[in-house]
Amino acid sequence: MATKLKTIGTNQKFKITCSILAVVFITLSFAALFEAYWFNWDYTANTNNYLESDELGNKVLTAYDRIDRVYNFYQSEENIRAGNAIDTTALEDYKWALLAEQDIYYPENMGVSTEQQMLDDPVFWEPYADKLEAKKKQLINESLYQYERLKKELEQTLGLSYVIERKGVKNSQPKDVAQDDLLNRRVNFTYNKGAVSSSLPNLDQYESLDYAAQPDFIVTIGFDDAYIAQREVGYQAERLQFIWLISIFVLFFILAAICALLACISAGQKKEVVGIHLLPIDAFWIDAHFLLLLGVETLVIAAIVFFYDQNFPRAVMIMLFAVGAALGLNFLLSLVRILKDGSFWQRLLLLKLTKQIWKFIKNQFKKITLYYNDVMKGSPTVKRFMFWAILLVVLALSVQVPILGICSFICIIYLLYLGGKKAKKYDGILDGLERIKNGEVDYKLTGFEGALGELAEGINAIGDGISLAVSEEVKSQRLKTELLTNVSHDIRTPLTSIITSIDLLKNGKLDSEENQKYLDILENKAHRLKVLTDDLFEAAKASSGNVEVEFQAVDMEMLMTQGLGEMEEELSKSQLEFITQYPKDLFVVTADGRLIWRVIENLLFNILKYAQKESRVYIEFSKCDENKTGTVVFKNVSAQPLNISPEELMERFKRGDETRNSEGSGLGLAIAKDLMTIQQGELKLEIDGDLFKAAIILPLAE
């Protein structure tokens, strides 16, 4: 038997059928319960006798209330239009709203002693007369509407008859009904100047009946016996239907519980699977699943209530309930599978979060301990501060100044955390200084803020300065080496020629023509030595800044025209075409005319030496009003490939002709650069393939 039950429990169709039936039965039980509520549960279930039912008692009291409102409160249409039936409470509420607009809430705000004086003060309410009159008209119209509505409801109340007497005036419905006839009916009710009598027992237990506005108001109400008999039959039929619906509800609820129990028993079992078989949804956190289900079920219930209020078809509400029931059963089966698997505690998100929080607290405690050992421990400054801070806390608490104790505690926390971290960062700065001192000039201090950040930036700047100084020193040593090498090469070459020529001349075996030839060589090489010596001297003076500069306004167009005229012979022999684009207006800069011409002359000689023969040379003038500078640009095509950067080309003894076959010393551009610097100007070089550009930039004269 047990084996057979186990086989059934592992049958997939059996589990699905039980689950579906559970949802269907619980939905049907809800439908039955909802149908019972639809038949007015409160009035149907309380008694088996219709004359004792809440339905009939409520019907009688409702009729009395409507009669009281129509004939006692409103009285007539003329009485309403005269303003006698205005709800004084509504008018007072409107006045309070007007007072609130003026920020008046209390009698003293208006200079009176009571709230009633606030509402009755004629002087204050005079500016609001139009608004109050409009409000009264609105209330009168609302009363007229209610008056007509209540009269119609009385006329449409089935089986109702009544006779009223007020101030000697009688009214009845229907017109020919007599008071004695009403008192002889099975269901009657009388209100006579505050006294209540009725054929219905305990009628006044549901509602107070002492609210008549006039003490002489008399009302007699009766319901037609035939109507009451008809309602008794209908009431019993409705009650029987109600009992059947409740029975159906109980039956289907029990069936749903049985199917749900069978589904729970078979949950997690599967053929040929050892242990509990979990579904993908079981991997979800069980408490999060429950909260999500709770939210969805709340929405389902809210939707059912909304659809009920809007008179939607009952089928829509039943379908919504079926969805909610299916979701609830799904959660129940998931919970059962997890309980069977024994993994309930592992699938609680709250428990996991609690463990994570506890783990986090423990880690923070460890960090605090490590922080104390690494940063705070052994620091006499911190210990002294802690002593005085704790003493201050004790004193503050002893004299009952808690704010002082709290401030002291905050100071302690600040020192223990921020102060300690700053001390640790200070140690980092000391370590960085030690590394820079030991030769790691490229080491950078990072991650510092505030005053320590400024100190770190200063140390980094010192490191950059040391690195730059080392770089400049290395460069200077390299230039010195190049200077010695190049000077020795450039001096040795003409000296060798001079010594050889002198030896040949001393032998005396040369004829006059050969003597003249070697004399010319001696003259040429001596001149070459002189030029080289002058260039070295000038380069030394320019680089050291030991040059006298006389700033004056220099007309660059005139200087260029004059200079090109003086060099006309050299330019004509160069096989180069010079194209000068002069400015349209005056081009005057602040410079030393002698030194600026030396720069231009160096650039022109550089062009004559290295430019491609039979090519064009462009000289262009331009101004920059924004920077207030003037620029003269020299452009030519190089005869040799320029496989060198502009920066290297301006170094001493650097030539565009790396074979050193030309007559240049390699100092011309370096001298020009230094001369421009001491004149507060700039020399810029650009190389684009074989195109060479040199730009002289000087401040414009004001």
Side-chain angles (χ1 to χ4, degrees), residues 1-34 249-304 317-366:
M1 184 67 180
T3 304
K4 188 174 181 180
L5 289 175
K6 184 175 181 181
T7 304
I8 294 175
T10 57
N11 189 292
Q12 193 70 14
K13 292 182 180 179
F14 174 78
K15 293 190 289 185
I16 294 174
T17 302
C18 288
S19 300
I20 293 175
L21 287 177
V23 173
V24 171
F25 288 148
I26 195 67
T27 303
L28 290 176
S29 67
F30 164 77
L33 185 64
F34 188 78
F249 162 73
V250 173
L251 175 63
F252 281 123
F253 187 83
I254 294 173
L255 292 174
I258 294 172
C259 291
L261 180 61
L262 292 174
C264 290
I265 292 173
S266 61
Q269 299 181 18
K270 190 174 183 182
K271 288 182 179 180
E272 301 177 357
V273 175
V274 179
I276 301 302
H277 176 67
L278 298 178
L279 299 180
I281 195 171
D282 300 334
F284 194 47
W285 302 105
I286 193 68
D287 45 356
H289 189 177
F290 174 75
L291 292 176
L292 180 62
L293 174 68
L294 188 63
V296 173
E297 296 291 3
T298 302
L299 292 177
V300 169
I301 294 173
I304 291 174
M317 292 174 270
I318 292 173
M319 290 177 62
L320 276 175
F321 183 85
V323 172
L327 293 175
L329 180 62
N330 177 65
F331 170 77
L332 176 63
L333 295 177
S334 176
L335 178 61
V336 170
R337 285 191 295 269
I338 291 172
L339 289 172
K340 288 181 178 181
D341 185 57
S343 58
F344 177 79
W345 299 110
Q346 288 79 12
R347 298 184 185 277
L348 282 177
L349 180 60
L350 179 61
L351 182 61
K352 184 175 179 63
L353 290 176
T354 303
K355 289 181 178 179
Q356 292 293 332
I357 292 172
W358 176 246
K359 184 178 179 181
F360 173 78
I361 292 173
K362 288 175 65 178
N363 289 336
Q364 295 306 311
F365 182 76
K366 288 181 180 179

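The two residues Ser29 and Phe253 make their nearest non-hydrogen contact at CB-N, 3.8 Å. The two residues Ala326 and Val23 come nearest to each other via the heavy atoms CA-CG2, 3.8 Å. Between Phe30 and Met317, the shortest heavy-atom contact is CE2-O, 4.1 Å. Counting all heavy atoms, side chain and backbone alike, Leu320 lies closest to Val300 at O-CG1, 3.5 Å. Closest non-hydrogen pair, Ala267 versus Lys15, comes out as N-CD, 4.4 Å. The two residues Phe249 and Ala32 have their closest heavy-atom pair at N-CB, 3.8 Å.
Rounding to the nearest 0.5 Å gives a distance of 6.0 Å between CG of Leu349 and CH2 of Trp285. One finds the CH2 atom of Trp345 at 16.0 Å from the NZ atom of Lys352 (value rounded to the nearest 0.5 Å). Summarising the geometry, atom CD1 belonging to Ile338 is positioned 10.0 Å from atom CG belonging to Leu279; distances are rounded to the nearest 0.5 Å. Atom CG of Leu292 and atom CZ of Phe284 lie 6.0 Å apart (nearest 0.5 Å). Here the SG atom belonging to Cys259 is positioned 12.0 Å from the CD1 atom belonging to Ile254, to the nearest 0.5 angstrom. Lys366 contributes atom NZ, which lies 13.5 Å from atom CD1 of Ile361 (distance to the nearest 0.5 angstrom).
Partners of Ser343 according to the side chain to side chain donor-acceptor pair (under 3.5 Å) rule, which considers only residues two or more places apart in sequence or in another chain, are Asp341, Arg347.
Looking at Ile26 and Phe252, their side chains never come closer than 4.5 Å, going by heavy atoms from C-beta outward. The closest side-chain heavy-atom distance from Asn363 to Phe360 is not below 4.5 Å. At least one side-chain heavy atom of His289 sits under 4.5 Å from a side-chain heavy atom of Ile281. Residues Phe344 and Ile286 form a side-chain contact, since some pair of their non-hydrogen atoms from C-beta on lies under 4.5 Å apart. The shortest distance between side-chain heavy atoms of Val323 and Met319 does not fall below 4.5 Å.
Side-chain atoms of Asp287 do not come within 3.5 Å of backbone N or O of Leu348 as any donor-acceptor pair.
Using the six-membered ring where Trp is involved, Phe331 and Phe290 have ring planes that are tilted, between 30° and 60° apart.
Applying the side chain to side chain donor-acceptor pair (under 3.5 Å) rule to pairs touching residues 324-334 yields Asp282-Ser334, sequence neighbours excluded.
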